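Read through the structure below, which is laid out as structure tokens, and then see the notes.
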Protein chains: 2
Amino acid sequence: MPKVNHSYKVHFLPHDREITVQEDTTVLEAAHDANVYVSSICGGVATCGKCKVVVEEGHVECPPTTLLSSEELANNYILACQARVTGDLLISIPPETRIEGGKILLSSEETEGVTAGKVHGPLPGVEYRHEPLVRKIYLELEPPTLDDTLPDYERLKRAITLKTGIPMESLEAGLEILKELPSHLRQAGSRYNVPLQITATVAQRGVMHEVIRIEPGDTTQVDWGLAVDVGTTTIVAELVNLATAKVLDIEATYNSQMKWGEDYIQRIMYATERNALGDLQQSVIKDINGLLAILLTRNHLGPEDITAITCSGNTAMIHFLLELDPTLIRKEPYIATANFIPPLKAHELGINIYKHAPLYCLPSVSAYVGGDITGGAMAIGLEQEELLCLFIDIGTNGEVVLGNKEWMVCCSASAGPSFEGSGVRHGMRAASGAIERLDIAEDSSLNYKIIGNGTPRGICGSGLLDTIAALLRSGAINKSGKLVKGHTPRVRETEEGLEFLVVPAPQTATGSDIVITQADIQNLIRSKAAIYSAVATLLEAMHLKPSDIQRVYLAGGFGNYLDVRNTITIGMLPEIPTDRIRFVGNSSLSGARLSLLSQEAMTRVRDIASKMTYFDLMSNPKYMDEFISANFLPHTNPDEFPAVYQELARRHPSFN
Amino acid sequence: MPKVNHSYKVHFLPHDREITVQEDTTVLEAAHDANVYVSSICGGVATCGKCKVVVEEGHVECPPTTLLSSEELANNYILACQARVTGDLLISIPPETRIEGGKILLSSEETEGVTAGKVHGPLPGVEYRHEPLVRKIYLELEPPTLDDTLPDYERLKRAITLKTGIPMESLEAGLEILKELPSHLRQAGSRYNVPLQITATVAQRGVMHEVIRIEPGDTTQVDWGLAVDVGTTTIVAELVNLATAKVLDIEATYNSQMKWGEDYIQRIMYATERNALGDLQQSVIKDINGLLAILLTRNHLGPEDITAITCSGNTAMIHFLLELDPTLIRKEPYIATANFIPPLKAHELGINIYKHAPLYCLPSVSAYVGGDITGGAMAIGLEQEELLCLFIDIGTNGEVVLGNKEWMVCCSASAGPSFEGSGVRHGMRAASGAIERLDIAEDSSLNYKIIGNGTPRGICGSGLLDTIAALLRSGAINKSGKLVKGHTPRVRETEEGLEFLVVPAPQTATGSDIVITQADIQNLIRSKAAIYSAVATLLEAMHLKPSDIQRVYLAGGFGNYLDVRNTITIGMLPEIPTDRIRFVGNSSLSGARLSLLSQEAMTRVRDIASKMTYFDLMSNPKYMDEFISANFLPHTNPDEFPAVYQELARRHPSFN
């Protein structure tokens with residue numbers, strides 16, 4: 001007898017969203033389809049235990065798991081990735097599984113706009129000519145006469161050339177623009193007497209410039225673009241006024257592709273083996289469209305107001321975004337389909353903005369170093385630097401660039417998403433409610449600072465880094481990162497092992513304790529070890545010592561703040577004078593924004609991508625040795641961290 | 001009571017095609033929708049009487065008409081444009097209304113292909129570098145290794161740059177090509193060992209070059225393009241091998257837009273007033289697709305084999321083709337939407353060739369001088385000429401260019417379609433069965449030559465020109481073009497007036513007499529007068545005399561042959577030594593073909609379009625005076641044609 005497929009309704013709380021799914025769909029898939037975010041790291045294979053949800057009504061089929069406590073089981077907790085729908089369900093998503101982004105606060109430098117015709121990055125002195133990739137140009141066209149019978153199209157091009165200097169032969173318009181041109185010009189003014197006043201939107205396309213829109217009158221102030229950092233774990237979008245270079249708003253979301261794997265290698269395997277590349281593309285497009293919808297609604301704009309989009313991301317993420325075959329990225333000799341993507345139509349990808357708006361991807365260096373890094377290097381002005389610089393971008397991959405205006409080498413290490421707040425029980429993005437700074441005083445009391453100054457909901461990257469450093473300094477964890485039982489009452493034992501209580505339930509927004517577990521600490525140590533060993537391997541390959549580094553730029557979505565001393569305390573960075581270290585925030589996003597606002601900036605990114613040399617860590621035996629040695633706090637070798645060892649020994653004579 | 005709309009079947013013979021139409025549709029519209037060609041000149045307003053068809057079964061509603069003889073009425077002849085469908089019908093299209101193109105014969109020079117890297121026009125010595133706008137390039141790509149991890153896309157561009165010298169930064173591919181690239185490269189060879197052998201198809205787009213196709217292996221010999229002359233009355237398409245520059249086949253059709261008006265001004269009015277621009281576009285696209293289907297079927301090719309198309313045509317026809325607003329072409333100050341059209345995707349217009357194939361339009365000079373003229377001027381090498389040249393293209397408009405490599409002026413006169421065989425009772429295109437040469441001997445016997453050497457079906461342009469000249473020389477018509485009753489038994493009287501019997505019914509393919517009517521002669525005289533007066537006005541404006549002209553190039557779709565002496569005898573051209581006059585055939589088509597085959601040729605066309613100065617005849621009072629004086633054979637003024645007057649006076653002492 002053929003199997004009959006039943007459909008059931010699954011209703012999600014507190015979102016109050018309902019979806020109808022086929023029998024045997026997992027609750028995680030149902031949530032994804034209903035646009036309900038459920039935390040999940042392991043790709044749905046029941047190892048991370050992040051996707052806990054509560055069955056309020058109905059019944060699901062679940063295999064046994066050790067990832068839920070007996071208390072949780074008693075309270076109808078299930079793992080969403082394992083539970084299969086066998087009837088109508090009412091599911092509630094508890095706060096710790098829900099963790100959604102609030103509005104990220106902007107630092108003042110991010111919103112400052114244009115100064116003396118220049119736009120600015122996160123560092124003083126790094127600036128590029130304000131000349132957006134897509135520009136609105138106000139024009140007054142003389143109406144045709146018997147002595148000047150230039151056609152509408154050539155008349156338009158002549159006016160643009162006169163105003164901008166763009167050569168007429170590199171100006172072009174598509175068929176739809178040509179079709180609309182006569183009526184748009186005539187709408188703009190009477191036919192014979194007064195100048196035809198219009199605004200042309202011109203997009204740079206390599207050596208060409210394309211007229212993508214004609215509007216009657218002067219609309220140059222209604223001029224919006226979107227800069228997107230397409231991260232493996234987090235996607236962040238900024239709404240930018242192209243005319244003023246001011247950032248109006250920003251929004252972030254976890255990357256929904258996480259259900260197919262924490263890192264992009266897992267996702268490439270999934271895409272290849274399941275022939276599911278299209279699903280990965282749809283997922284990221286849906287995320288971007290979701291961010292867009294929020295930004296547009298919040299700022300009373302329409303999709304057609306956005307005339308340009310720039311995307312920075314690692315090579316694999318850009319391949320997913322464009323549905324380019326990523327298979328060869330993970331197969332020797334590790335190549336991409338393309339590093340330099342030509343400008344595309346955003347609409348062609350399904351991104352819901354103005355139909356002729358181009359989408360620009362920042363170029364990659366290699367299969368493992370993408371536009372997030374080339375864009376970041378441009379944002380910090382690496383290509384203009386005289387000094388020897390180390391630029392580290394800490395995301396799900398930790399990419400390290402060493403160099404200056406003369407040369408640049410780079411490498412990539414798989415760091416995992418823990419500093420993005422993922423893969424850590426109470427980790428979260430740098431959004432309202434996140435603990436972004438933390439310190440343990442001599443008297444064992446905790447001091448912390450919350451983004452938005454409300455009650456805490458979790459801990460973001462900078463807070464997690466501070467927490468590890470504070471635990472180490474206070475002696476609550478040892479060199480191996482193990483929590484020391486009985487060191488303080490905050491270290492307590494649970495069914496799953498030891499954990500450190502950061503904020504007790506009554507003081508949290510979620511109603512649950514905020515803790516750091518032993519497993520969290522191990523994840524964070526592995527992440528920092530990946531970064532350190534990448535730096536050490538690259539330095540050695542270039543025959544350089546840490547003391548040769550004159551500047552360190554540390555980037556990542558940690559938050560608005562990073563205590564750079566703690567990056568040395570935990571052994572993420574080698575011992576370098578802290579005054580040489582700068583935290584530059586999300587430099588990938590800065591790169592996307594500067595490129596959007598400045599053709600000069602985009603040209604620099606392309607120069608950087610051409611100039612940077614990729615160094616493969618995986619084929620280097622030194623890297624694994626370094627990684628193993630770095631899996632301690634700060635490091636197995638005291639000689640590499642004399643000052644940290646000295647400080648820790650001063651605080652805890654037993655340390656070593 | 002609301003009106004109920006009935007549908008009826010209309011079946012056409014001898015085509016054996018049936019279509020269902022709404023009640024009250026005209027038979028002409030039904031024929032058009034059924035793809036059955038019915039001759040029609042006046043735009044369906046019952047003035048030309050060309051659309052005679054026979055009702056074999058059924059009944060139609062017709063208003064009374066004087067355009068049908070009582071014999072025709074007795075035999076169920078109707079005017080298709082006036083008859084409305086009120087029931088099922090069986091209609092037969094008589095041969096004289098049917099007149100369809102056979103295969104046009106090619107002269108040897110048209111098929112000669114490449115010599116020493118050059119392609120050739122209709123004249124010796126005019127040649128351009130063979131480098132098609134769309135080129136196939138065979139490449140052997142070294143497979144990637146750990147030491148050479150260039151991505152597929154950049155690897156492809158590097159190989160093209162090495163082979164062609166096209167700078168990498170001006171090479172680009174669209175998203176679909178990028179998506180297919182890895183699999184096409186891997187299909188071409190094993191991944192790591194042997195070079196990846198592929199053929200890239202690269203299209204020039206202004207200063208850019210776009211990779212529009214990747215195929216495994218070497219496919220450089222399967223390389224086809226289409227050159228199309230989009231005329232007001234006739235559309236001609238040539239199938240060209242881009243690799244060898246040889247013309248494989250050619251096909252022509254009358255322009256189906258004729259049902260909306262004989263000249264393009266009528267069609268612009270129709271498009272504007274009825275908001276029917278889309279219909280005009282669909283009509284010409286359907287005609288081109290029809291020609292394509294015939295050429296492809298006859299030569300065992302598929303639509304996807306055609307990777308490029310060039311179109312030459314007057315400015316209005318190009319506007320119809322692209323659905324660009326033509327309204328301002330006919331309103332002072334007479335401007336086009338665009339003279340220089342950027343390359344477009346043929347698919348975007350609905351032309352059924354390879355999906356990424358570009359369509360290039362030859363550029364216009366003004367609203368009334370189009371790419372047929374700039375292309376023709378390039379084909380004859382006008383921009384390289386030292387001598388003062390007169391270039392005349394006789395189509396539905398007669399365009400005249402005067403100049404050389406230093407300067408060029410041009411104008412346009414409305415000549416009507418009579419030399420294209422339209423608007424003349426037994427006129428036809430230069431196709432099999434057309435009388436292309438004709439002479440009347442001293443003994444009044446007729447000699448004629450038929451294209452394809454079969455039995456005659458009608459008379460093409462060159463034959464009509466010969467006929468008028470022969471009638472004039474023999475005395476069968478007088479200076480006013482009036483047939484002289486009783487001059488020969490061939491001059492006979494009918495209900496509609498006098499006519500001259502060219503070929504009696506038993507010797508024709510249609511079973512009817514082939515005749516020239518008094519009305520035909522008047523149409524042809526008006527056409528030649530329009531040309532002559534345009535030449536005279538332009539010469540006078542430039543303060544030149546006919547004797548200053550060192551070369552005359554006469555172009556048009558007359559046939560393979562033109563007796564240039566007769567163009568002077570009838571007063572179409574001023575008296576210029578005949579050894580200075582060359583017939584160059586369809587130079588618009590030659591221009592489209594040379595542009596297709598040579599980027600250099602297309603660059604020259606653009607140079608010509610930029611350089612040529614348009615001279616407006618309509619605003620010049622001299623033109624109408626000249627036109628009236630030229631409405632005689634050869635001309636009212638004997639001083640302008642002394643030799644012709646002398647010859648005619650010698651033959652007919654009564655002449656003058």
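Throughout, protein chains are lettered first and strands after them, A, B, ... in sequence-line order, and every chain is numbered starting at 1. Please read all numbers here as calculations on a predicted model, not as lab measurements.
- Nearest heavy-atom pair across A/Tyr334 and B/Leu146 is CD1-CD2, 4.1 Å.
- Heavy atoms of B/Glu323 lying under 4.5 Å from chain A belong to its backbone as well as its side chain.
- Counting heavy atoms from C-beta on, the side chains of B/Met208 and A/Ser170 never come closer than 4.5 Å.
- Of the two parts of B/Leu277, neither the backbone nor the side chain holds a non-hydrogen atom closer than 4.5 Å to a non-hydrogen atom of chain A.
- Atom CD in A/Glu348 sits 7.0 Å away from atom CD in B/Glu176 (nearest 0.5 Å).
- Tested against A/Arg186, the residues B/Leu328, B/Asp325, B/Thr327 include a single side-chain contact (heavy atoms from CB on, under 4.5 Å) partner, B/Leu328.
- Shortest non-hydrogen contact noted between B/Pro333 and A/Pro144 is CG-O, 3.5 Å.
- The candidate from B/Asp147, B/Leu344, B/Leu175 with the greatest count of non-hydrogen atom pairs under 4.5 Å with chain A is B/Leu175.
- A donor-acceptor pair is defined here as one N or O able to donate and one able to accept, closer than 3.5 Å; such a pair exists between the side chain of A/Glu154 and the backbone of B/Phe340.
- Only the backbone of B/Ala173 comes within contact range of chain A, with at least one heavy atom under 4.5 Å from a heavy atom of that chain.
- Counting only heavy atoms from C-beta outward, the side chains of A/Ile335 and B/Asp152 approach each other to under 4.5 Å.
- For chain B, the nearby parts of A/Thr149 are the backbone and the side chain; heavy atoms of each come within less than 4.5 Å.
- You'll find the side chain of A/Tyr153 stays beyond 4.5 Å of the side chain of B/Ile341, heavy atoms only.
- Looking at B/Leu178 and A/Leu322, their side chains never come closer than 4.5 Å, going by heavy atoms from C-beta outward.
- Separation of atoms CZ (A/Arg606) and CD (B/Glu169) is listed at 9.5 Å; rounding is to 0.5 Å.
- For B/Thr337, the parts lying near chain A are the backbone and the side chain together; criterion is any non-hydrogen pair under 4.5 Å.
- Distance OG1/B/Thr145 to CD/A/Glu332: 9.5 Å, rounded to 0.5 Å.
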